[in-house]
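Reckoned from all heavy atoms, side chains included, excluding hydrogens, waters and symmetry mates. So you know, we letter chains A, B, ... as the sequences are listed, proteins then strands, and number each from 1.
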Number of protein chains: 4
Amino acid sequence: MRLKVEARLAYHMPQQADVLLAIEGAQMPEQRLVNDLLTVRGTEPLRTVPGDDGIGRRTWATAQGDFLAEYHGTFDVERGARSLIGLPVSARPDLPAHVIPYLWPSRFCQSDRFVSFVAREFGDFDGGAKIDAMAQWIRRNIDYRLGASHGTTSAVDSFVAREGVCRDFSHVMAAFARAAGIPARLVSAYAWQLDPPDFHAVVDVWLDDGWHLVDASGLAPVEGLVRVAVGRDATDISFMTIFGYAELVSQEVCVTCLTADTVDSPTLEN
Amino acid sequence: MRLKVEARLAYHMPQQADVLLAIEGAQMPEQRLVNDLLTVRGTEPLRTVPGDDGIGRRTWATAQGDFLAEYHGTFDVERGARSLIGLPVSARPDLPAHVIPYLWPSRFCQSDRFVSFVAREFGDFDGGAKIDAMAQWIRRNIDYRLGASHGTTSAVDSFVAREGVCRDFSHVMAAFARAAGIPARLVSAYAWQLDPPDFHAVVDVWLDDGWHLVDASGLAPVEGLVRVAVGRDATDISFMTIFGYAELVSQEVCVTCLTADTVDSPTLEN
Amino acid sequence: MRLKVEARLAYHMPQQADVLLAIEGAQMPEQRLVNDLLTVRGTEPLRTVPGDDGIGRRTWATAQGDFLAEYHGTFDVERGARSLIGLPVSARPDLPAHVIPYLWPSRFCQSDRFVSFVAREFGDFDGGAKIDAMAQWIRRNIDYRLGASHGTTSAVDSFVAREGVCRDFSHVMAAFARAAGIPARLVSAYAWQLDPPDFHAVVDVWLDDGWHLVDASGLAPVEGLVRVAVGRDATDISFMTIFGYAELVSQEVCVTCLTADTVDSPTLEN
Amino acid sequence: MRLKVEARLAYHMPQQADVLLAIEGAQMPEQRLVNDLLTVRGTEPLRTVPGDDGIGRRTWATAQGDFLAEYHGTFDVERGARSLIGLPVSARPDLPAHVIPYLWPSRFCQSDRFVSFVAREFGDFDGGAKIDAMAQWIRRNIDYRLGASHGTTSAVDSFVAREGVCRDFSHVMAAFARAAGIPARLVSAYAWQLDPPDFHAVVDVWLDDGWHLVDASGLAPVEGLVRVAVGRDATDISFMTIFGYAELVSQEVCVTCLTADTVDSPTLEN
């Protein structure tokens with residue numbers, strides 16, 4: 001399906017601050033870039049660097065006063081809603097070098113603390129079926145509640161509190177997978193049919209020698225996701241990291257399906 | 001100086017277990033590999049993958065029963081004890097892509113929680129002088145005590161408990177540096193003059209467009225370090241990760257200076 | 001000095017909820033009750049129970065819809081700003097039974113984790129001088145910042161974050177004292193000259209066979225405090241605990257000195 | 001049944017240290033004291049204070065060098081294994097003053113963090129049936145494993161790790177009960193048929209206007225428990241708190257049923 005993705009971030013920086021943006025859709029298999037444009041106003045010349053694992057890119061800006069970043073992109077996404085069930089776990093010695101760190105715990109995904117729980121709760125499942133059982137468990141046992149978490153909330157916190165937002169659902173998902181020895185990374189994405197529209201956080205798990213998307217929140221279909229960035233947890237994939245202080249003015253995200261037989265047609269009014 | 005490094009790890013695996021070794025010295029600037037040999041007994045054929053940031057390498061083994069890994073290496077280390085003071089912080093937009101993730105918090109280095117403390121305590125220092133002040137603060141305020149920490153001890157824990165081992169000193173060091181916006185990574189190393197001899201953990205900070213070693217523990221001179229692996233924190237640089245269960249039989253590390261004017265000459269008896 | 005204290009709490013309970021109030025000034029040495037009145041509207045008949053350590057009292061209400069609690073009290077407070085310096089630590093075997101639990105860690109005052117820090121930082125001081133040194137350290141090293149903490153913030157969190165409100169200052173103070181083997185309890189109080197006026201949280205330390213007030217925040221003079229409740233930490237001394245859900249409508253606190261030579265005269269307008 | 005309880009604690013104190021013992025069985029309803037004797041060697045004259053809630057007592061000793069405490073007691077315990085199911089929750093305004101603090105979170109029982117989980121998992125049960133469901137959940141979901149926890153392990157830690165010892169089982173039990181608004185306190189006890197014999201930790205919950213024992217570990221029958229001390233969590237009920245440093249030499253506990261029709265007859269050899 002052809003997706004049009006748009007984001008507009010307006011902030012105010014009282015003093016000069018470095019800003020690291022990660023809002024551009026990634027050109028990669030399953031999501032072919034048709035065209036896109038990032039424009040940033042109120043900033044010095046931009047510099048870009050590749051994202052983690054070579055996926056997508058980060059853009060640096062140095063801003064003061066009013067800051068406006070706008071992104072428009074069109075992507076042809078061909079990703080079937082393939083079931084994970086049946087996908088085998090890859091033999092560990094076959095893991096590519098870049099995948100190995102996704103076995104380890106991270107700031108917000110303390111997989112080392114879930115080893116017993118995961119063995120006990122999901123020990124009867126293998127490979128993709130194990131991931132599927134984890135996603136179902138999360139959906140059944142954790143409530144989606146806006147405001148339930150803040151910047152330092154970790155997978156352990158969400159597992160205890162039993163509530164969170166997409167970031168928290170994905171942290172728990174990645175922590176569970178890693179605790180079972182399955183590599184998992186966080187993914188930021190534009191998500192078709194996400195309501196209300198916003199940046200979304202989902203998980204890539206490494207099965208059958210490749211990455212496969214899982215959305216433990218179940219809030220949007222994986223067929224309609226456009227990956228932006230990947231990393232160990234929320235910090236790595238933040239769409240905007242500000243080194244300094246900034247006031248939010250407004251922030252909008254919009255994802256539209258342009259394929260003929262779809263009916264939705266919202267857009268960010270310019 | 002020419003250093004001979006040796007390690008011997010003997011374990012027993014009651015059931016088959018995957019083992020990931022990171023005990024080979026890295027071939028890289030400042031530490032030229034003269035020759036080395038890793039031998040592993042009691043295991044299936046080995047497979048190697050590059051380490052994080054392309055430094056060193058990891059070796060997979062699948063073992064059952066008695067497991068013995070031995071490593072011997074000779075390195076010419078030319079690394080002056082250059083003072084960090086005077087080295088400038090690199091402009092953030094100039095950071096190479098692979099360095100950016102070392103700005104973020106990690107499982108054991110929760111730099112996001114130290115921002116206020118670091119600004120308050122080290123705000124008057126810049127660049128290398130700031131790192132130097134941090135290392136001195138750590139040496140003055142945290143006691144080295146064997147047994148003070150365990151596998152889940154983090155920088156926050158050590159900062160509160162005011163005691164730890166080299167792993168903990170380095171976690172606090174990296175957390176402080178990142179909290180000040182200076183990239184920092186953990187480094188495992190063979191360390192000449194470390195007493196008792198063991199694998200050592202130190203920190204690389206990114207200043208003046210390059211990585212620079214800091215040993216907040218002050219237990220061994222940085223001129224005598226042979227880097228093995230780098231990563232975000234202790235998990236990434238573990239010299240041996242066991243997927244399964246293993247009993248420690250014995251473990252020895254030995255570092256000898258072969259340069260003429262040195263007098264020490266311990267060795268692992270074979 | 002004669003102090004007039006007033007509080008008015010207006011809430012809305014969509015469903016029936018039990019409410020436990022602790023807003024009445026305590027009748028006790030150093031603060032003689034002249035007269036007071038608690039009125040509660042929108043509730044079933046009230047029931048009262050003594051507070052912890054027999055100090056003050058708690059009042060139960062069962063409310064639904066609009067809830068309004070008003071308290072007016074007049075107290076003669078005779079409490080000199082006596083210096084703690086010189087007061088000896090009481091021999092542990094002489095501690096009264098009710099004081100012993102204040103040696104232990106509590107939910108928000110994890111004194112067990114500060115033993116090394118306290119020995120290292122305050123080991124040169126004795127008795128009241130040690131408490132004084134702790135209060136000064138806290139004032140120098142922790143910033144007062146509204147919004148810095150939330151309901152689950154503990155002394156360890158505040159010690160790391162280096163910011164907090166009066167609740168957090170007092171948690172750190174009590175944790176330090178207990179870590180040094182000096183009993184300490186949290187105290188809620190009306191505080192003359194606190195700006196902006198609000199319920200205040202301070203600490204009682206047990207020295208020289210008696211409780212002595214310490215305000216690590218330094219925001220109000222201890223001579224002008226009217227104790228309301230005491231306990232192990234913020235939970236025990238909460239001025240209002242709601243078992244259910246309530247919306248805050250408004251909340252005001254006012255403390256006035258009625259003694260002739262004072263000039264302030266704010267009051268809650270009725 | 002008539003129970004003989006014995007404990008012998010041998011320690012060595014290199015320097016003088018205050019010791020607070022809580023190893024004497026309590027004289028109270030359901031466990032009538034027939035006779036008992038506490039002897040302590042290697043110490044200055046002892047002093048005793050009542051325990052929390054007036055149950056049992058604590059004994060202070062000041063020791064240096066070899067320290068030996070021995071306790072022998074005989075109790076007639078008449079406590080049926082009454083089912084909790086059917087017992088109603090007491091109306092909150094009817095709670096006696098001393099019971100109210102057992103509604104609050106404590107150092108190791110962070111009930112405030114389990115409110116959502118408890119509502120979700122046990123919301124369909126009432127009163128004693130809710131407590132029973134909690135105890136069963138704990139027994140099913142947490143593994144008993146010696147060495148699984150250490151001195152700073154809390155209910156949150158055990159809930160995540162899914163393993164612990166009797167102390168941890170009881171911390172989770174008390175945290176769950178308090179999160180449901182049911183007062184709960186920790187209880188140290190001598191336990192008949194506990195294997196291996198040791199001090200035991202169980203929980204008292206307040207239902208139907210009285211305290212009722214629950215052993216979430218299921219390791220010993222509640223009919224054979226002799227309460228020693230009660231409190232908010234493990235700290236309050238510790239059988240021996242040492243202010244200073246002590247080396248464990250040996251420690252033995254023995255509980256024997258003296259009633260005619262029982263067959264066990266172990267004893268501590270003197």
Side-chain angles (χ1 to χ4, degrees), chain B residues 105-125 130 133-134 136-150 152-165 167-169 171-181 216-217 233, chain C residues 105-125 130 133-134 136-150 152-165 167-169 171-181 216-217 233:
Chain B
S106 61
R107 171 69 178 91
F108 298 113
C109 306
Q110 308 102 320
S111 46
D112 51 315
R113 297 183 61 186
F114 290 109
V115 172
S116 291
F117 171 77
V118 161
R120 166 191 289 276
E121 189 79 26
F122 308 111
D124 292 341
F125 299 94
K130 190 186 292 254
M134 289 171 175
Q136 287 190 36
W137 187 96
I138 291 170
R139 236 165 281 167
R140 268 200 320 274
N141 286 282
I142 303 188
D143 286 327
Y144 188 90
R145 192 169 74 74
L146 286 171
S149 60
H150 45 79
T152 63
T153 302
S154 71
V156 162
D157 295 328
S158 302
F159 177 77
V160 173
R162 296 292 158 116
E163 57 182 28
V165 298
R167 167 191 189 280
D168 308 304
F169 280 68
H171 282 159
V172 176
M173 182 72 228
F176 282 2
R178 294 177 196 169
S217 76
D233 56 31
Chain C
S106 61
R107 170 70 178 91
F108 297 113
C109 306
Q110 308 102 319
S111 46
D112 51 314
R113 297 184 59 185
F114 289 109
V115 172
S116 291
F117 171 76
V118 160
R120 165 191 288 277
E121 188 80 25
F122 309 110
D124 292 342
F125 298 93
K130 191 186 291 255
M134 289 170 175
Q136 287 190 37
W137 186 96
I138 291 170
R139 236 166 280 166
R140 267 202 319 274
N141 286 281
I142 303 187
D143 286 328
Y144 188 91
R145 192 169 72 76
L146 285 171
S149 59
H150 45 79
T152 64
T153 303
S154 71
V156 163
D157 296 327
S158 302
F159 178 77
V160 174
R162 297 292 157 116
E163 56 181 28
V165 297
R167 167 192 191 280
D168 307 305
F169 279 68
H171 282 159
V172 175
M173 182 72 228
F176 281 3
R178 294 177 195 169
S217 76
D233 56 30

Item to check | chain B contact via C:R145 - which portion, at a heavy-atom distance below 4.5 Å | outcome: neither

Minimum heavy-atom separation for [X] and [Y], please, with both atom names.
{"X": "B:V160", "Y": "C:R113", "answer": "CG1-O, 3.4 Å"}
{"X": "B:S116", "Y": "C:A161", "answer": "CB-O, 3.2 Å"}
{"X": "B:R140", "Y": "C:R120", "answer": "O-NH1, 2.7 Å"}

Checklist entry - If you measure from CD on B:E121 to CG on C:N141, what distance do you get to the nearest 0.5 Å? => result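 It is 7.0 Å, given to the nearest 0.5 Å.
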
Checklist entry - Taking atom CZ of B:F125 as the centre, does the number of heavy atoms from other residues, nucleotides or ligands within less than 6.0 Å exceed 12? => result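 Not more than 12 within 6.0 Å, no.
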
Checklist entry - Hey, which of B:I142, B:V115, B:V156 has the most heavy atom pairs under 4.5 Å with chain C? => result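 Of the candidates given, the most pairs with chain C belong to B:I142.
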
